[in-house]
Amino acid sequence: MTATTPMTATPIDGKAFAAHLRARIATEVAAMKARGITPGLAVVLVGEDPASQVYVRSKGRMTREVGMNSWEHRLPTDAPQADLLALIDRLNADPSVNGILVQLPLPRHMDESAVINAIDPAKDVDGFHILNVGRLATGQKAMVPCTPLGCLMLLRDRLGDLGGKNALVIGRSNIVGKPMAQLLLRDSATVTVAHSRTTNLPELCRQADIVVAAVGRAQFVKGDWIKPGATVIDVGINRTDGGLVGDVDFDSAAHVAGAITPVPGGVGPMTIACLLANTLTATARANGLPDPEGLTP
Ligand code: NAP
């Protein structure tokens, strides 16, 4: 393959898809406001981590842009866990708060599971509460983690019915890999989950109609691992000297795949859009309204 080989893959424009989704959410928020309901999202940040501060700021901005209420709560790095749990209790009890997001990672002295499981599952817009994890795994109505939900929307948009497709998820984290596998299984794909102990990854990849890469290693998945025509979703965000790159070697993969998400501009923008979608869904459920169409699996 040379630099002059034409790219065959259609780029999957997550940025445009997410913008469209946010516009739809804004319309639904306006309709809810007309009924006297304003969805609201509270984001909690503990500490000064620069990347987390950037994420929290952009989450707040986008929440306000779709017309929702947005609150930001900050605690110092050395805050006792009891202070965070007391804040979560207050937010759980506040009927104007429909969604609660605790920005991760937390400082080391805090027990992440205990904190996440203190959030009211109905307000757990990250979908990390153990009840939501169990509900997703057993096919019940759940709050679904934002990044895999965004990947699912892109896949359905591109492929329609995912039933019977061979899907490979690379990575088994609780926030991306495992819920992604659950969602694909729910859509009747035949799902394989690979991880650091997987021995035949290139071979598995060559059989996959769908590849979702959530590894955290720059340009790890090579073009010659990809089945011709496959749909490739690159979740990775890796900062390199050459800029932001994904977990897939885009240049080589784009010559083989049928469609591929770029980094940046692929999955990333979908994550925040799905956070807003989850906040809208949580608001609808809290008010006895049906789930907004197309925003839940
Ligand atoms: P993580 O918790 O570090 O999990 C990485 C997974 O990759 C693990 O399951 C690990 O296996 C597996 N892995 C590591 N080396 C491997 C190898 N050589 N072969 C096969 N699998 C391997 O990461 P994460 O939180 O899931 O995030 C993954 C990537 O997505 C990161 O780049 C992150 O920045 C990005 N991300 C992006 C978004 C977004 O909005 N776009 C959201 C979340 C995450 P083991 O379990 O065996 O260790």
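First listed ligand is number 1; within each ligand, the first listed atom is number 1.
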Could you measure the distance from the CD1 atom of Ile233 to the OG1 atom of Thr261? Nearest 0.5 Å is fine. 5.0 Å
With Asp120, which residues qualify under side chain to side chain donor-acceptor pair (under 3.5 Å), at least two apart? none
Using the side chain to side chain donor-acceptor pair (under 3.5 Å) rule, collect all pairs that involve residues 32-47, keeping only residues at least two apart or in two chains. none
More than 12 heavy atoms of other groups within 6.0 Å of His20 NE2: no
Crowding at CD, Gln140 (>12 non-hydrogen neighbours, <6.0 Å): yes
Which residues pass the side chain to side chain donor-acceptor pair (under 3.5 Å) test with Asp94, not counting sequence neighbours? Ser96
Using a cut-off of under 3.5 Å, which N/O atoms of ligand 1 pair up with protein N/O atoms, and what distance separates each pair?
residue, atom, partner, partner atom, Å
ligand 1, 9 (O), Arg172, N, 2.8
ligand 1, 11 (O), Ser196, N, 3.2
ligand 1, 15 (N), Arg217, NE, 3.4
ligand 1, 21 (N), His195, O, 3.4
ligand 1, 21 (N), Ser196, N, 3.4
ligand 1, 26 (O), Ser173, OG, 2.5
ligand 1, 32 (O), Ile237, N, 3.1
ligand 1, 40 (O), Thr271, OG1, 2.7
ligand 1, 41 (N), Val235, O, 3.4
ligand 1, 46 (O), Arg172, NE, 2.8
ligand 1, 47 (O), Arg172, NE, 3.3
ligand 1, 47 (O), Arg172, NH2, 2.8
ligand 1, 47 (O), Ser196, N, 3.2
ligand 1, 47 (O), Ser196, OG, 2.5

